[in-house]
Peer 1: 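Before anything else, here's the structure in question.
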Amino acid sequence: MDFTTLCVHGCAKKYDTTGAISVPIYQTATFAHPGVGMSTGFDYSRVQNPTREHLEQTIARLEGGIDAMAFSSGMAAASALMELFSPGDHIIVSDDLYGGSRRLFQTISVKNGLHFDYVDTSRLDLVKSYIKPETRAIFIETPTNPLMRVTDIEAVSRVAKQHGILLIVDNTFLTPYFQKPLLLGADIVLHSGTKYLSGHNDTLAGFLVVSDQDLSERLRYIYKTIGSCLSPFDSWLLIRGVKTLAIRLQRQQESSLKISRWLSGHKRIRAVYYPGLPEHPGHEVSKKQASGFGAMLSFQVDCGETAYRVLERVSIIQYAESLGGVESLITYPMLQTHADIPEEEREAKGIGECLLRLSVGLESADDLIDDLSQALGG
Ligand SMILES: *Cc1c(COP(=O)(O)O)cnc(C)c1O
């Protein structure tokens, strides 16, 4: 079945006999047992709920996995994931990373005895050089946030397999519509479902997706024990969001390429980071491992004042955190997503006062360009 059809229809299992086209919202905490020692398949909604199960099975199929768990946010999913590890374990992480993941690792996971090295995972030699006997996982984002660096998933997965290390990929930016890390050798896919999967800037959600039975059982145990599950109503909003995932991303990607090209030619723009541009260093790897380049782009303006002016003057585009929704959002990584990263390190990476990140929504690309044009000024 084509991906687009799968988005619309989701998993085939029906829970309802009325013929309802929309999956019902099973707003219940618990389920009555038909007899002693018997179960309808549902016992308590923290463990499983029909609306959530439908969503989870849909996401598992979209990613090419065998199981997906839906969490109350992307960070809830990442926190549960960290419970796979024990004190003393070492994890190699992409150095250009979503700020919240970095905060989780640096302040909470470290307290629990885990060790991290932040590495440019687009360089395989560097990844290899950081592997130690205690290394248990490599955690990558590709493309990265906010600099859009691209890591070769298959190449890293080969190294991970040689050393018996888990490969975890945060697939929030491209979604399974463009990139399926499990099919490229990753063991676990992480999502902030808040972004493209939901797609409407109205719900928080997170996912872990796996293609291995043992990992599924270990994570399911953590999942029901920790209890950061997605509610039936939010599961339903996600089911609805996913129906239009393919069509949204197609259009958002088209607009992103158009806007990237326009920005590249603007006199106040010093650099544009979008993997869809042939001059982007990750362009070839992107083409090899993904069917598209997504709808996130970042750019350096000529000075801090210009960045401030853009943020204050944009009118269709809104100055807000988050990404992946139908509304275009512009972010100032230095003050928002990456504010917790030490200044020196942040500046060295190019995340300074001139860097802006744009999540291209579903408005007309020409309107978005007009908006950026008036905000950048002459
Ligand atoms: C937003 C985001 C997260 C965190 O997800 P929440 O749903 O906000 O908790 C993790 N990774 C990436 C790449 C994100 O963009």
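No hydrogens, no waters, no symmetry mates; every other heavy atom, side chains included, goes into these values. Numbers here simply count residues along the sequence, with the first being 1. Just so it is clear, the model here is predicted, and its values are computed rather than measured. Whatever order the structure lists them in is the order used to number ligands and atoms, beginning at 1.
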Peer 1: Could you name the option among Asp170, Leu190, Thr194 that has the heavy atom nearest to atom 11 (N) of ligand 1?
Peer 2: Asp170

Peer 1: When the ring planes of Phe116 and Phe105 are compared, do they come out parallel, tilted or perpendicular, using 30° and 60° as the limits?
Peer 2: parallel

Peer 1: Judging by distance only, is a nitrogen or oxygen of Leu204 under 3.5 angstrom from one on ligand 1?
Peer 2: no

Peer 1: Contact between Gln289 and Val150 at the side-chain level, heavy atoms closer than 4.5 Å - yes or no?
Peer 2: yes

Peer 1: Does the residue Ala205 have a heavy-atom contact with ligand 1, meaning some pair of atoms that are separated by less than 4.0 Å?
Peer 2: yes

Peer 1: Ring-plane angle category for Phe293 and His283, please: parallel below 30°, perpendicular beyond 60°, tilted otherwise.
Peer 2: parallel

Peer 1: Does some non-hydrogen atom of Leu323 fall short of 4.0 Å from ligand 1?
Peer 2: yes

Peer 1: Which of the atoms in ligand 1, numbered in the order shown and given with their element, are less than 4.0 Å from a heavy-atom of Gly74?
Peer 2: 5 (O), 6 (P), 7 (O), 9 (O)

Peer 1: Determine, considering heavy atoms only, which of Ser192, Gly193, Ser79, Gly100 sits nearest to atom 5 (O) of ligand 1.
Peer 2: Ser192

Peer 1: Evaluating non-hydrogen atoms only, which member of Glu321, Glu141, Lys195 is closest to atom 2 (C) of ligand 1?
Peer 2: Lys195

Peer 1: For Tyr44, is the NZ or CZ atom of Arg46 found under 6.0 angstrom from the centre of its six-membered ring and inside 45 degrees of the ring axis?
Peer 2: no

Peer 1: Answer yes or no for Lys195 and Tyr98: cation-pi contact, defined as NZ/CZ to six-membered ring centre under 6.0 Å and angle to ring axis within 45°.
Peer 2: yes

